[in-house]
Structure formats: C-alpha cells, structure tokens
Chemist: 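Below you'll find the structure I mean.
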Amino acid sequence: MEEKELKDKLFLVTYGVILFVLLMNYKWLFSLFNVVTKILSPFIIGIICAMILNVLVNFLEQGLLKKVKKNKRLLSVLMSLVIVFGFVVFLILILIPQIKNAGEIFVDNIPEYQKTIHDIGKNLGFSNEELKALDLENTNIKKEMSDYLTTNSDRILNFSMGFASSVVSVICNFFVGLVFAIYLLMGKEKLLNQFKKLLQCIMNDKVYKKFCEVMSLSNFIFSSFIKVQFVEAFILGTLCFLGMLLFRLPYAATISVLVGVTALIPVFGAFIGCVVGTFLIFMIKPIKAITFIIFFLILQQIEGNFIYPRVVGGKIGLPGIWVLVAVTIGGSVGGILGMLLGVPILSVVYSLVKVSVNKKVERKNKKKEA
C-alpha cells in the first residue's frame with residue numbers, strides 16, 4: 001500500500017512539474033502548434049470535408065442508392081461532390097449578377113445621392129467649401145487616390161504579392177484536402193479496421209474499449225452536429241427571407257440564401273451575409289440598408305440566444321449556455337475553424353464528464369444505502 005501511495009505521489013509531482021514547464025513555455029508551444037497545424041492543414045481540411053460529405057454519402061447510400069449493388073460508394077461520393085459544388089456554383093451565379101446590378105444602379109444614382117448629401121449638409125449648417133469636399137464626383141478625390149497609389153506602390157505591390165500567395169496556398173491546401181477526403185470516403189471501412197487493429201496492438205483491452213466508446217460517441221455527435229447545423233441555417237435563411245419581404249427590402253431571396261449559407265459557421269457566421277446584404281441594399285436604397293441592419297441584429301439575437309442553443313444543443317445533448325461558451329472560446333482559439341469544431345468537441349467532453357459524474361454519484365448512493 002505504501003509503495004502504491006509513493007508511486008501516486010511521484011506521478012502527481014511529475015505531472016505537476018511537466019505542467020509547470022509547459023505553462024512557462026506557452027509561447028513556444030503555441031508556435032509549435034501553429035507550425036504543426038500549418039503542415040497538417042491540407043489533411044485537417046480533408047478530414048473536415050470527409051466528415052461533412054459523409055453525411056450526404058450515408059444519406060444517398062441508405063436512400064436513393066439503396067437498391068444499387070455495383071459501385072454504390074463511388075456513385076454516392078460523386079453525387080455528394082456534385083451536390084455540394086453545384087450549390088456553390090448556384091450561389092455564385094445568383095450573387096455576382098446581383099452585385100453587378102447593384103453597382104450599376106449605384107453609379108446611375110450618384111447625382112441623386114449627391115443632391116441628398118448636399119441637402120443634409122445644408123440643414124446641418126455646412127459651408128459651400130465643406131459641401132464641396134463631400135462631392136462624390138470631386139476630382140480631388142481621384143487626385144488623392146492617384147497620389148496615394150503612386151507614393152505607396154511598393155507597399156501595395158508587396159501586399160498584393162502576399163495576398164496572391166496566400167490565396168494560392170489556400171486553394172492548393174483545399175484541393176489536396178479534397179483529394180484526401182475522397183480517399184477517406186472511398187475506403188473508410190478498411191481504414192477504420194486497420195486503425196482498430198493498430199490500437200489493439202498498442203493498447204490493453206480496457207483502454208481500447210474505452211477509446212472505441214469515445215470515438216463512437218464523437219462520431220455520433222459530429223454527424224448530428226453537421227445535420228442540425230444545416231437545419232439551423234435553413235431556419236435562419238427562411239426567417240430572414242420572410243422578414244425582408246415583410247419590410248419590403250430588396251434582394252430578399254439572394255441575401256437570405258447568403259445569410260443561410262454563412263450561418264453554417266455557428267452563431268457569428270451569418271454576420272458575413274449581413275455585411276454583403278447591407279452593401280447590396282445600400283447601393284440601391286441607403287436608408288433601407290439601415291432598416292436591414294436593425295432587422296438582422298434583432299433576428300440574430302433571437303436566433304443566437306433562443307433558437308440556436310435549443311435546436312443544436314438539444315440535438316447533440318449540450319445545454320444552450322455551453323453552446324455559446326463553446327462558440328466563443330473556439331472562435332478565440334481557432335478562428336472560424338474553432339467555431340465550427342468548438343460545439344461538437346465540448347459536447348463530447350460534456351457527455352463523457354456527465355457519464356463519469358453520474359456513475360460516481362450512483363456508487364456513492366449505493367454505499368450510503370449499504
């Protein structure tokens with residue numbers, strides 16, 4: 001007994017020392033984490049793509065392609081890719097013409113906007129010189145822009161090169177990740193069996209069984225989260241469309257689709273759609289843009305604080321308050337990716353802790369009764 005206690009104490013001391021060293025060198029750890037994440041980013045993207053596409057693949061195999069006997073997996077993967085990319089192309093095709101149309105209307109209405117600005121300026125007591133500075137067609141603006149571009153040409157060139165390099169890197173990582181995702185989906189059963197055999201070799205039976213339980217729970221929660229996230233995005237897009245029709249705001253269908261798509265990023269994602277929507281409306285009717293912002297903020301508060309926590313949290317077994325915590329902390333740590341993964345990860349942890357606590361409470365109650 002004394003030997004066991006000594007081992008436990010040594011373990012706690014060792015654990016404490018390691019934890020202290022890690023905390024003292026947290027900057028180095030973050031740097032290492034960023035380097036590793038950058039190297040593995042194509043494969044991380046691939047795993048995420050595979051998880052999302054797997055929901056569609058399973059749906060097609062168990063539904064539309066249920067009676068197909070040959071090449072079912074290949075057909076389901078190809079159909080899933082066509083559905084996803086088809087939707088992206090559809091979104092681009094309806095969004096770009098609307099932006100172009102809004103820009104043309106804005107240019108045509110510049111004289112009217114100019115008159116409105118002058119009228120407001122006069123009512124506020126601006127002088128003629130001050131009003132001239134607000135002139136949208138003032139040649140001084142063009143001259144200042146030209147001077148700025150000439151003076152800062154080196155900075156602009158460096159920024160453009162860096163931006164282009166980042167875009168190319170993101171595109172390359174995405175396509176490598178997509179190819180990796182396809183390989184995962186095509187041979188997921190075989191890969192899973194190989195992974196299980198490897199774990200059985202390096203783990204004892206008890207640890208292996210527990211690990212499989214955790215992985216099974218994680219798979220269920222992640223799949224449920226992806227499904228319910230699409231449902232939530234559809235709800236928000238529909239509410240946005242109905243509200244915009246009610247307030248007679250332009251581009252109701254286009255903006256609502258965009259809001260719904262960006263809402264796939266938990267809680268905060270729909271604000272991206274709001275920014276683009278505000279820009280489109282502002283090009284045509286600036287006053288209506290203010291109405292849209294107010295309407296969207298109210299809708300987002302209702303959706304973020306009432307609908308989302310209950311719909312998502314209820315489906316994956318995570319209380320609403322913890323959904324908000326997961327999104328906030330995930331976004332702070334990992335940006336958009338952290339927002340996407342924060343909720344399902346915390347849900348897995350919450351479920352495991354809940355089961356463990358309930359078992360311990362049950363054991364204590366049995367001891368008391370005995």
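One-based numbering along the sequence shown. Fair warning: this is a prediction, and the values are worked out from it, not measured in the lab.
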Chemist: Does any part of the side chain of Val276, heavy atoms only, come nearer than 4.5 Å to the side chain of Ile255, both counted from C-beta?
Modeler: no
Chemist: Could you measure the distance from the CD1 atom of Ile281 to the CD1 atom of Ile287? Nearest 0.5 Å is fine.
Modeler: 12.5 Å
Chemist: Any heavy-atom pair between the side chains of Val261 and Phe87 that's under 4.5 Å?
Modeler: yes
Chemist: Going from CG on Leu56 to CE on Met79, what distance comes out if it is rounded to the nearest 0.5 angstrom?
Modeler: 9.5 Å
Chemist: How about CG on Asp205, more than 12 heavy atoms from neighbouring residues, nucleotides or ligands closer than 6.0 Å, or not?
Modeler: no
Chemist: Identify the heavy atoms of Tyr208 and Met203 that sit nearest to each other, and give their distance.
Modeler: CA-SD, 4.0 Å
Chemist: So how far is it from Gln301 CD to Leu299 CG, rounded to the nearest 0.5 Å?
Modeler: 10.0 Å
Chemist: Is there a side-chain contact (heavy atoms from CB on, under 4.5 Å) between Ser80 and Leu60 once you walk through the steps?
Modeler: CA-CA 8 Å; Ser80 299; Leu60 290 170; 3.6 Å; yes
Chemist: Taking the side chain as everything from C-beta on, heavy atoms only, tell me whether Cys274 gets closer than 4.5 Å to Phe292.
Modeler: yes
Chemist: May I ask you to decide if Arg73's main-chain N or O and Ser76's side chain share a donor-acceptor pair within less than 3.5 Å?
Modeler: yes
Chemist: Rounded to the nearest 0.5 Å, what separates atom CG in Asn173 from atom OG in Ser169?
Modeler: 4.5 Å
Chemist: Should Met244 and Phe241 be regarded as members of a common hydrophobic cluster, given that ILVMFWY residues are connected when their side-chain heavy atoms come within less than 4.5 Å of each other, either directly or indirectly?
Modeler: no
Chemist: Taking a hydrophobic cluster as the set of Ile, Leu, Val, Met, Phe, Trp and Tyr residues connected by side-chain heavy atoms closer than 4.5 Å, whether directly or through intermediates, do Ile290 and Leu280 fall within one such cluster?
Modeler: yes
Chemist: Rounded to the nearest 0.5 Å, what's the gap from OH on Tyr251 to NZ on Lys288? Could you check?
Modeler: 14.0 Å
Chemist: Around atom CZ of Phe279, are there more than 12 heavy atoms of other residues, nucleotides or ligands at under 6.0 Å?
Modeler: no
Chemist: How far apart are the closest heavy atoms of Leu239 and Phe295, and which atoms are they?
Modeler: O-CZ, 4.0 Å
Chemist: Linking I/L/V/M/F/W/Y whenever their side-chain heavy atoms sit closer than 4.5 Å, directly or via other members, would Val214 and Ile202 fall into one cluster?
Modeler: yes
Chemist: Do other residues, nucleotides or ligands put more than 12 heavy atoms under 6.0 Å from the NZ atom of Lys188?
Modeler: yes
Chemist: Would you please classify the geometry between the Phe180 ring and the Phe43 ring as parallel, tilted or perpendicular, with 30° and 60° separating the classes?
Modeler: perpendicular
Chemist: Which heavy atom of Ser256 sits nearest a heavy atom of Cys240, and at what distance?
Modeler: OG-C, 3.5 Å
Chemist: Would you check if the side chain of Asn54 reaches a backbone N or O of Ala50 as a donor-acceptor pair within less than 3.5 Å?
Modeler: no
Chemist: Determine whether Gln194 and Lys190 satisfy the following criterion, side-chain contact (heavy atoms from CB on, under 4.5 Å), listing intermediate values before the conclusion.
Modeler: CA-CA 6 Å; Gln194 291 175 343; Lys190 185 178 179 180; 3.6 Å; yes
Chemist: If Ile, Leu, Val, Met, Phe, Trp and Tyr residues are connected whenever their side-chain heavy atoms lie under 4.5 Å apart, and connections chain through other members, are Val179 and Ile182 in the same group?
Modeler: no
Chemist: Using only atom types and a distance under 3.5 Å, with no angle test, would you say the side chain of Thr262 pairs donor to acceptor with the backbone of Val259?
Modeler: yes
Chemist: For a 4.5 angstrom cut-off between non-hydrogen side-chain atoms, does Lys210 reach Glu213?
Modeler: yes
Chemist: Do Cys201 and Lys197 come within less than 4.5 Å of each other through their side chains, counting heavy atoms only?
Modeler: no
Chemist: Do Leu81 and Val77 have side-chain heavy atoms sitting under 4.5 Å apart?
Modeler: yes
Chemist: Can you get from Ile171 to Leu178 by hopping between Ile, Leu, Val, Met, Phe, Trp and Tyr side chains that sit under 4.5 Å apart?
Modeler: yes
Chemist: How many angstroms lie between CG in Leu78 and CD1 in Ile83, if you round to the nearest 0.5 Å?
Modeler: 11.0 Å
Chemist: What I'd like to find out is whether the side chain of Leu75 reaches to under 4.5 Å of the side chain of Glu61, using heavy atoms alone.
Modeler: no
Chemist: Does atom CZ (Phe230) have a neighbourhood of more than 12 heavy atoms from anything else shown, all under 6.0 Å?
Modeler: no
Chemist: Do Asn58 and Gln62 come within less than 4.5 Å of each other through their side chains, counting heavy atoms only?
Modeler: yes
